[in-house]
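Sequence lines set the chain letters: A, B, ... in the order given, protein chains first and strands last, and positions in each chain run from 1. This is a predicted model, so every value here is computed, not measured.
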Amino acid sequence: MSSELQQIMVESTERIFSDTVDKKLLDAVESGEFPQQLWKLICENGFHLLATTDSGADLADAFAVLRVAGRYAVPIPLAEVLLGNRWLDGSDDNLISIGERSGDRTLTVPWAQQAARCLAVTPDNRVFEISDYQSTSGRNIAFEPRDTLSGNFTEIKTDDDAYELMALSRLSLASGALNRVLELTIQYVGEREQFGRPIAKFQAVQHNLAVAAAEVAAATRACDGAVEAIGEERFVLEVAAGKGRVGEAITVVTEIVHQLHGAMGFTHEHQLHHFTRRLWSWREEFGGESYWQSRLGHHLHSLGADSVWDFIASAK
Amino acid sequence: MLQFDPVQLPDSSHALRDEIRQFLAANMPSGHRPNSDFLSGHNPQFSELLGTHGYICMNIPVEYGGGGRSFFDRYVVAEELLAAGAPVSAHWFSDRQFAPVLMQIGTEQQRKKYLPDMCAGKSYFSIGMSEPNSGSDLAAIRTSATKVDGGWRVNGTKLWTTYAHLNHYMIALVRTAPVSENRHHGMSQLLIDLHDDSVDIRPIKNMGGDEDFNEVVFNDTYVPDEDVIGEIGNGWNQCTAELGYERSGSERFLSTFRVYIEFLKLFTDPPNDLQAAAIGRIASNIMALRRMSLSVVGMLEAGKMPSIEAALVKELGNNFEKIMPEIARLAAPLDADKTEFNRTYRESILLSPSTTLRGGTREILRGVIARGLGLR
Ligand SMILES: Cc1cc2nc3c(=O)[nH]c(=O)nc-3n(C[C@H](O)[C@H](O)[C@H](O)COP(=O)(O)OP(=O)(O)OC[C@H]3O[C@@H](n4cnc5c(N)ncnc54)[C@H](O)[C@@H]3O)c2cc1C
């Protein structure tokens with residue numbers, strides 16, 4: 001898809017999510033209700049099949065949509081549906097979910113109870129379908145369903161770098177959400193008044209937001225780098241760099257945006273936590289910073305000190 | 001909202017990169033200890049050699065002696081020089097900002113007179129902004145220029161002028177009209193010959209023992225009208241526009257890069273996972289910064305004035321280049337021979353206080369970013 005078409009698609013996704021995903025929906029989903037209406041809407045618009053090989057879209061387009069999903073904290077396992085349909089050659093409206101395989105269990109499977117099919121990926125990029133499974137329900141920091149499954153594994157053939165694509169989904173979602181919390185905070189400090197003026201007028205507040213903005217910009221570009229490298233040899237390393245860098249940004253930015261929202265941002269009534277708690281979850285899912293940084297680091301060491309600059313500079 | 005668009009280096013840059021690497025392999029001055037800080041190696045001979053090979057002012061049109069290439073090509077050469085730790089200080093300010101400034105707002109006469117030698121790596125410029133009572137608060141400058149027949153008489157003191165004792169010219173920000181209600185009015189940029197007898201230059205030793213920056217005193221220094229840069233009274237805006245060139249480059253995050261290379265060399269045995277994470281963390285930060293920096297190059301190439309985006313790159317880059325040697329120091333293997341690592345580490349920590357000061361302090365940059373976010 002050309003960048004113009006991608007832009008149009010991003011804008012229409014943006015419209016749909018901004019119309020439908022609000023605090024009320026996020027609260028309802030958090031209390032355990034699956035967002036049927038939203039799911040229907042996603043299927044009607046064909047978003048769920050965007051990453052299949054005959055969709056006419058590039059994988060990069062699917063990740064552009066995931067950034068938008070992150071911006072709105074869309075409470076559906078969209079990444080799993082997108083990549084699941086890709087790996088299963090899906091063409092219908094079944095919900096597909098994906099977790100990380102660890103030994104004979106599969107961890108952190110979103111909405112396993114609702115899903116028609118569940119997959120498991122491993123760090124060496126193998127994909128399995130799990131059948132006859134038993135599930136133990138759990139939740140991530142954002143209280144999103146993340147179940148643990150044990151059952152039979154059947155390997156599914158794919159040429160994709162499956163685990164890395166899953167990690168990329170988390171960093172795309174995070175990149176969207178980071179931009180959003182920055183915007184929410186800029187808005188809030190302009191409205192909230194103390195000492196007779198908007199708190200945005202205090203230098204300490206401005207400086208903290210400047211730090212957050214710099215981190216958000218870095219995270220955005222780190223995510224770009226990984227998306228641009230899809231299908232290339234260095235993809236895994238760009239994902240590693242991206243997941244590491246975005247993780248660092250999440251740590252800094254979530255701290256600052258909460259500080260600037262005061263007690264109001266610590267309430268459940270406020271929407272900020274729907275984003276920050278997801279960011280904390282996504283930071284760890286499919287490899288946290290130290291996992292990916294060390295993968296990158298081991299690789300750079302194997303290249304040797306004199307080749308490291310070349311590696312850095314040959315990013316496209 | 002600030003935006004950093006994806007940018008791809010043009011294909012021409014790949015061949016150029018190979019070329020400059022070969023050049024460096026053959027021509028690094030003998031006995032030179034690599035240092036990636038752009039203010040740690042003033043070497044006119046090397047700058048001239050670079051000029052002869054066409055590696056200076058690559059983005060200046062050929063008719064003025066430049067390479068007639070893009071900002072991207074200039075970027076590639078600059079980052080290769082820094083990563084290799086080559087001595088680039090002599091020509092740095094000419095190449096980075098003053099040649100583009102002359103192209104943008106200089107007169108035809110100024111371009112013809114100054115650019116060819118700048119492009120040849122023979123003519124070096126210094127930045128004359130700060131003064132004893134004017135650091136962050138640049139509008140407080142007192143150095144004044146009074147109109148006389150055919151030119152201006154300059155009196156006052158510039159401070160912290162890097163390489164004024166070694167360079168040929170200074171582009172100085174001076175008051176050409178008294179302070180009025182708008183403090184940013186009444187300032188102008190003059191090109192001043194530092195070899196003039198009326199200019200006294202006194203080097204100031206820094207905490208690491210080096211003499212790089214100076215106090216520069218003007219005693220009735222005469223500057224002809226031909227050497228006014230841009231418009232009289234527009235100095236503030238011109239300086240602000242210049243910051244897009246000044247703050248966004250790879251020198252804002254690669255100053256301590258050689259520490260990273262020496263850190264990597266310590267691992268004769270494979271690193272453990274946590275050490276590898278330190279290696280990867282550093283690389284991932286450089287990769288993101290480089291992408292942001294390239295986004296700004298894209299804006300410069302498109303003729304935009306990305307001074308706020310540039311401030312953001314500098315802010316993030318300076319903080320990173322300060323913390324990076326610490327990440328390396330703390331993750332270094334305990335039993336390795338650290339002679340070379342310690343040497344580069346020592347150079348970088350002695351430099352570290354300056355990175356978040358020179359070119360605009362961290363606090364000033366955060367203010368600029370906040371303005372870009374609409375908070376001020
Ligand atoms: C190595 C080096 C090379 C240099 N080379 C040059 C050169 O070639 N040409 C040149 O013109 N200048 C040069 N400078 C000077 C540099 O631009 C100034 O150091 C810088 O602008 C800060 O000014 P100052 O040192 O007077 O600090 P001050 O402005 O006095 O600041 C001191 C501290 O107060 C903070 N502060 C000041 N104002 C505010 C505010 N409004 N809000 C919050 N905090 C504030 C600053 O951020 C800083 O932390 C160089 C400096 C160094 C260290």
Side-chain angles (χ1 to χ4, degrees), chain A residues 3 179 182-183 186 189-190 198 200-201 203 205-211 213-222 224-225 227-228 237-238 240-246 248-249 289-306 308-316, chain B residues 1-6 8-9 14 17 21 76 79-80 83-84 257 260-265 267 270-292 294-295 309 311-313 315-316 319 362-363 365-376:
Chain A
S3 62
N179 278 281
L182 178 65
E183 286 163 30
I186 290 170
V189 301
K201 295 297 158 206
Q203 193 185 48
V205 169
Q206 295 175 352
H207 283 198
N208 279 322
L209 260 175
V211 171
E215 288 296 316
V216 172
T220 306
R221 294 299 282 124
D224 291 341
V227 173
E228 283 162 18
L237 302 166
E238 291 288 350
K243 196 84 172 33
R245 187 62 189 84
V246 170
E248 286 191 66
E289 297 96 301
S290 42
Y291 171 79
W292 284 109
Q293 287 164 345
S294 67
R295 272 191 74 171
L296 178 59
H298 283 303
H299 178 80
L300 293 177
H301 176 260
S302 74
L303 290 179
D306 292 328
V308 165
W309 171 251
D310 183 56
F311 170 79
I312 291 171
S314 44
K316 278 206 306 183
Chain B
M1 191 61 87
L2 300 171
Q3 192 159 339
F4 289 80
D5 288 330
Q8 296 219 341
L9 285 171
H14 303 307
R17 195 184 294 285
R21 284 183 188 169
V76 166
E79 71 172 357
E80 287 296 326
F257 183 71
Y260 186 42
I261 298 298
E262 293 305 332
F263 171 56
L264 282 156
K265 286 186 185 161
F267 294 97
N272 64 34
D273 284 346
L274 287 179
Q275 290 169 325
I279 296 173
R281 178 179 172 197
I282 292 170
S284 68
N285 273 271
I286 299 176
M287 289 159 77
L289 279 161
R290 183 169 175 275
R291 284 207 169 82
M292 298 167 76
L294 278 168
S295 295
E309 291 82 356
L312 191 144
V313 173
E315 146 73 2
L316 201 63
N319 292 329
R362 167 203 291 149
E363 289 70 26
L365 297 175
R366 288 183 181 172
V368 172
I369 298 164
R371 187 171 316 115
L373 297 174
L375 301 175
R376 300 176 56 193

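- Interatomic distance, Ile369(B) CD1 to His207(A) NE2, rounded to the nearest 0.5 Å: 9.0 Å.
- For chain A, no part of Asn319(B) is nearby; none of its heavy atoms comes within less than 4.5 Å.
- Shown here for Ala213(A) and Leu373(B), the closest heavy-atom pair between the two residues is CB-CD1, 3.8 Å.
- Taking CZ of Arg295(A) as the start and CD1 of Ile279(B) as the end, the distance is 15.5 Å to the nearest 0.5 Å.
- If you measure heavy-atom distances from Val216(A) to chain B, you find no contacts under 4.5 Å at all.
- For the pair Leu296(A) and Gly280(B), the tightest heavy-atom approach, listed with the atom from each and the gap, is CD2-O, 3.5 Å.
- For the set Gln3(B), Met292(B), Glu309(B), Arg362(B), the entry with the most heavy-atom pairs within less than 4.5 Å of chain A is Met292(B).
- Taking each heavy atom of Ala283(B) and Leu300(A) in turn, the nearest pair found is CB-CD1, 3.4 Å.
- Heavy-atom distances place the side chain of Glu248(A), and not its backbone, under 4.5 Å from chain B.
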side-chain contact (heavy atoms from CB on, under 4.5 Å) between Lys265(B) and Asp306(A), intermediate numbers included: CA-CA 9 Å; Lys265(B) 286 186 185 161; Asp306(A) 292 328; 3.9 Å; yes
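- Here CG of Asp273(B) is found 11.5 Å from CD of Gln293(A). Values are rounded to the nearest 0.5 Å.
- Contact tally against chain A (heavy-atom pairs below 4.5 Å) for Glu363(B), Glu315(B), Gln275(B): the top residue is Glu363(B).
- Heavy atoms only, all atoms of each residue included: Ser294(A) and Ala276(B) are closest at O-CB, 3.6 Å.
- The salt bridge (Lys or Arg N to Asp or Glu O under 4.0 Å) test applied to Lys201(A) returns no partner, not counting sequence neighbours.
- Both the backbone and the side chain of Arg376(B) come within less than 4.5 Å of a heavy atom in chain A.
- Residue with the most contacts toward chain A among Ile261(B), Asn285(B), Leu9(B): Asn285(B) (heavy-atom pairs, distance under 4.5 Å).
- Only the side chain of Tyr260(B) comes within less than 4.5 Å of a heavy atom in chain A; its backbone stays farther off.
- In this structure, Arg221(A) CZ and Phe4(B) CZ are separated by 9.0 Å, a value rounded to the nearest 0.5 Å.
- Most heavy-atom pairs under 4.5 Å with chain B: of the set Gly242(A), Ser314(A), Gly225(A), this distinction falls to Gly225(A).
- In this structure, Glu215(A) and Leu316(B) have side chains that are in contact, with non-hydrogen atoms separated by less than 4.5 Å.
- Options Val308(A), Asp224(A), Val189(A), Ile312(A) differ in how many heavy-atom pairs under 4.5 Å they form with chain B, and the most are formed by Ile312(A).
- Of the listed residues Leu365(B), Val313(B), Leu264(B), the one with more heavy-atom pairs under 4.5 angstrom with chain A than any other is Leu264(B).
- Looking at every heavy atom in both residues, Arg21(B) comes nearest to Ala313(A) through NH2-CB, 4.0 Å.
- Closest of all the heavy-atom pairs between Ala288(B) and Ala222(A) is CB-CB, 4.3 Å.
- Separating the CZ atom in Arg245(A) from the CG atom in Leu289(B) is a distance of 7.0 Å, to the nearest 0.5 Å.
- For a residue to count as touching a neighbouring chain, one of its non-hydrogen atoms must lie under 4.5 Å from one of that chain's; by this rule Tyr291(A) does not touch chain B.
- At least one donor-acceptor pair closer than 3.5 Å links the side chain of His301(A) to the backbone N or O of Phe267(B).
- Interface remark: of the candidates Gln203(A), Lys243(A), Glu289(A), Glu183(A), Glu183(A) forms the most heavy-atom pairs closer than 4.5 Å to chain B.
- Once rounded to the nearest 0.5 Å, the distance linking CD of Glu228(A) with CZ of Arg291(B) reads 6.0 Å.
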